[in-house]
Amino acid sequence: FGVDRRDVMYNDFVILGPAGDPAGIKGKKQVVSALRKIAQAQAAFVTRGDNSGTHVKEKELWQKTGIAPKGTWYVTFDRGGTGNAPTTRYANERQAYVLMDRATYLTLKKEIALQVLVEKDPDLLNYIAVIRMNPAKFPKANAAGAKAFVDWLVSDEAQRLIKSFGVDQYGGSLFFPNSDEWRKKNPA
């Protein structure tokens, strides 16, 4: 029995920073290049530092730069484990750069001064999939219900909901549909 993994959606990360952009990264097309410039400038950069998904992605990107960030410019938010929103607010207070998911930015953009300075690099994508458990290993689980849920998540109905989620309230999608079925019907 193979793993039943289905792509459902994705969101993406961005680098937020102060309008003055002391490292000069605004509009950079490659996040790795932008992070190198932040490090070279020793411009304040806030990290969650908590091994959350956001922090893991940040560490992956720093590794691609070949730089192990450290020093007074690289600030670990001591309450990073409380989430992306508090971390973004802290970076805003410090007028520092931060790697953050676009959904958090959209939900906070009216209350923060930080701006999206780097975006749309494929390295910033965050794919989200659903994996059904193996019914042979979990015979008491509702395998039929799990399959029905997965099938619904990749359906046109759910994919339309994903595409429109947050648009009215925040002015942009928080997530983007990405099922195989959706991509076949809606090529880029």
Side-chain angles (χ1 to χ4, degrees), residues 8-129 161-178:
V8 177
M9 62 182 136
Y10 68 90
N11 63 4
D12 65 341
F13 292 96
V14 296
I15 294 184
L16 302 175
D21 189 18
I25 65 167
K26 185 174 185 163
K28 286 273 183 205
K29 299 299 180 199
Q30 294 181 324
V31 65
V32 168
S33 172
L35 289 173
R36 283 186 183 124
K37 285 193 76 158
I38 290 169
Q40 287 169 346
Q42 295 199 350
F45 185 96
V46 170
T47 180
R48 279 187 61 164
D50 65 347
N51 276 327
S52 62
T54 300
H55 184 228
V56 167
K57 182 64 166 184
E58 178 206 318
K59 290 190 302 184
E60 171 190 309
L61 294 170
W62 280 114
Q63 186 173 20
K64 284 185 173 194
T65 70
I67 296 169
K70 60 184 173 205
T72 57
W73 65 273
Y74 187 71
V75 180
T76 300
F77 179 40
D78 62 350
R79 293 182 320 202
T82 60
N84 281 348
T87 303
T88 302
R89 287 185 187 104
Y90 179 74
N92 187 65
E93 288 170 18
R94 302 253 340 214
Q95 284 298 284
Y97 295 98
V98 65
L99 177 79
M100 194 48 59
D101 64 288
R102 186 181 302 273
T104 298
Y105 167 72
L106 288 172
T107 61
L108 296 177
K109 73 179 181 179
K110 291 181 181 175
E111 66 181 80
I112 63 172
L114 296 179
Q115 300 175 0
V116 174
L117 298 177
V118 178
E119 62 182 336
K120 300 189 179 180
D121 179 337
D123 281 342
L124 293 170
L125 292 176
N126 182 32
Y127 292 100
I128 301 164
L161 287 170
I162 290 166
K163 183 178 181 178
S164 65
F165 184 73
V167 172
D168 291 343
Q169 188 172 1
Y170 302 112
S173 288
L174 302 185
F175 300 95
F176 304 93
N178 195 43

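Quick caveat: nothing in here was measured; it's all calculated off a predicted structure.
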Nearest non-hydrogen partners of [X] and [Y], listed with the distance:
| X | Y | value |
| --- | --- | --- |
| S173 | V167 | OG-CG2, 3.4 Å |
| I162 | P177 | CG2-N, 3.8 Å |
| G49 | T76 | CA-CG2, 4.0 Å |
| G80 | R48 | O-NE, 2.9 Å |
| A41 | P22 | CB-O, 4.5 Å |
| L99 | F45 | N-CZ, 3.8 Å |

| side-chain hydrogen bond (donor to acceptor under 3.5 Å, both in side chains) partners of N11, counting only residues at least two apart | N126

| request: State which residue, out of D101, N84, T87, fulfils the side chain to side chain donor-acceptor pair (under 3.5 Å) condition with T54. | output: N84

Nearest 0.5 Å please: distance from the [atom1] atom of [X] over to the [atom2] atom of [Y].
| X | Y | atom1 | atom2 | result |
| --- | --- | --- | --- | --- |
| T47 | Y90 | OG1 | OH | 11.5 Å |
| K26 | E119 | NZ | CD | 10.0 Å |
| Y105 | I15 | OH | CD1 | 14.5 Å |
| R94 | F77 | CZ | CZ | 11.0 Å |
| Q30 | L124 | CD | CG | 10.5 Å |
| K109 | Q115 | NZ | CD | 12.0 Å |

| field | E60, CD atom: more than 12 neighbouring heavy atoms under 6.0 Å | value | yes

| field | Heavy atoms of other groups near K59 NZ, more than 12 under 6.0 Å | value | yes

Indicate yes or no: at least one non-hydrogen side-chain atom of [X] is less than 4.5 angstrom from one of [Y].
| X | Y | answer |
| --- | --- | --- |
| F165 | M9 | no |
| K28 | S33 | yes |
| V118 | L35 | no |
| I38 | W73 | yes |
| D50 | T82 | no |
| L61 | F13 | no |

Would you check if the side chain of [X] reaches a backbone N or O of [Y] as a donor-acceptor pair within less than 3.5 Å?
| X | Y | result |
| --- | --- | --- |
| Y97 | A23 | yes |
| K57 | S52 | no |
| R36 | T65 | yes |
| Q95 | N92 | yes |

| Is the distance between the ring centroids of F176 and Y10 less than 6.0 Å? | yes

| said: Tell me whether the rings of Y74 and W62 are parallel (<30°), tilted (30 to 60°) or perpendicular (>60°). | reply: perpendicular

